[in-house]
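Read through the structure below, which is laid out as structure tokens, and then see the notes.
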Amino acid sequence: MNTTVSCELHLRLIVSSESSLPVPAGLRYDTADPYAVHATFHTGADETVDWVFARDLLAEGLHRPTGTGDVRVWPSRSHGQGVVCIALSSPEGEALLEAPARALESFLKRTDAAVPPGTEHRHFDLDRELSHILAEN
């Protein structure tokens, strides 16, 4: 049986060194996709932007800079609070977001309880995934 862990966060989109905008976001982890965290950023009244991150990338980013290319994550401080910076890059543009470190850490601990790190392969059905990929072609 699959388990889903979810979390609602209030992130900050960094516009400049003096300015930021609130961005509500939802994180979802499903044991059927044990390596990934799905993020939905609410950018307007009915507009969302979806990204998928490696769970390990977010977990490592709590403690040290990590990631290359489209997604980079690192710990920082903002207004005296611990934050995790998430830099996203795509053909449509770039964004720098700050997530509250405590809320992200709490979410990741709940995902670890559902699927302990290093045991993801036990929850991943390779045959099913290959069948799905081959059926698309």
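Being a predicted model, the structure only gives us computed values, none of them experimental.
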Distance check, rounded to the nearest 0.5 Å: F41 atom CZ versus L97 atom CG?
5.5 Å
For side chain to side chain contact (heavy atoms under 4.5 Å, CB included), just list the numbers for R12 and V23, CA-CA rounded to whole Å, side-chain angles, deciding distance to a tenth of an Å, and then say yes or no.
CA-CA 6 Å; R12 302 293 308 171; V23 177; over 6 Å; no
Check side chain to side chain contact (heavy atoms under 4.5 Å, CB included) between S76 and all other residues, then give those that pass, not counting sequence neighbours.
W74, V83, C85
Start with the C-alpha distance between T111 and R55, add both sets of side-chain angles, then the distance that settles side-chain hydrogen bond (donor to acceptor under 3.5 Å, both in side chains), and finish with yes or no.
CA-CA 9 Å; T111 71; R55 178 174 69 157; 3.3 Å; yes
For A103, which residues count as a side chain to side chain contact (heavy atoms under 4.5 Å, CB included) partner, sequence neighbours excluded?
L9, P100
Between V84 and E105, is the side chain to side chain contact (heavy atoms under 4.5 Å, CB included) condition met? List the steps.
CA-CA 10 Å; V84 176; E105 183 175 25; over 6 Å; no
Supply the atom-to-atom distance D56 CG to L58 CG, rounded to the nearest 0.5 angstrom.
9.5 Å
In the structure I gave you, are the side-chain heavy atoms of L27 and L104 within less than 4.5 Å of one another anywhere?
yes
Donor + acceptor pair across side chains of D30, H38 (<3.5 Å)
no
Does S90 have any side chain to side chain donor-acceptor pair (under 3.5 Å) partners at least two apart in sequence or in another chain, and if so, which?
E92
Worked check of side chain to side chain contact (heavy atoms under 4.5 Å, CB included) between L13 and L96
CA-CA 6 Å; L13 173 65; L96 175 58; 5.7 Å; no
State, yes or no, whether a side-chain contact exists between V49 and H42 at a heavy-atom distance under 4.5 Å.
no
Rounded distance (nearest 0.5 Å) linking atom CD of E98 with atom CD of Q81
11.0 Å
Could you tell me whether R102 atom CZ has more than 12 heavy atoms of other residues or ligands within 6.0 Å of it?
no
Kindly give the heavy-atom pair with the smallest separation between A114 and V5, and that separation in Å.
CB-CG2, 4.3 Å
At their closest point, which heavy atom of L11 faces which heavy atom of A99, and how far apart are they?
CD2-CB, 3.2 Å
Which heavy atom of A101 sits nearest a heavy atom of L62, and at what distance?
O-CD2, 4.0 Å
Closest non-hydrogen atom pair between P75 and P65, with its separation:
CD-N, 4.0 Å
Under 3.5 Å, is there a donor-acceptor pair between the side chain of R72 and the main chain of A87?
no
How long is the straight-line distance from CG of L21 back to CD1 of I14, given to the nearest 0.5 Å?
9.0 Å
Which atom pair, heavy atoms only, marks the closest approach of V52 to A36?
CG1-CB, 3.6 Å
Step by step, work out the side chain to side chain contact (heavy atoms under 4.5 Å, CB included) result for F107 and V37.
CA-CA 10 Å; F107 168 75; V37 171; 3.8 Å; yes
Between S89 and D70: side-chain donor-acceptor atoms closer than 3.5 Å:
no
Main-chain N/O of S19 paired with S16 side-chain donor or acceptor, under 3.5 Å
yes
To the nearest 0.5 angstrom, please state how far the OH atom of Y29 sits from the CZ atom of F53.
15.5 Å
Minimum heavy-atom separation for C7 to R110, with atom names?
CB-NH2, 3.7 Å
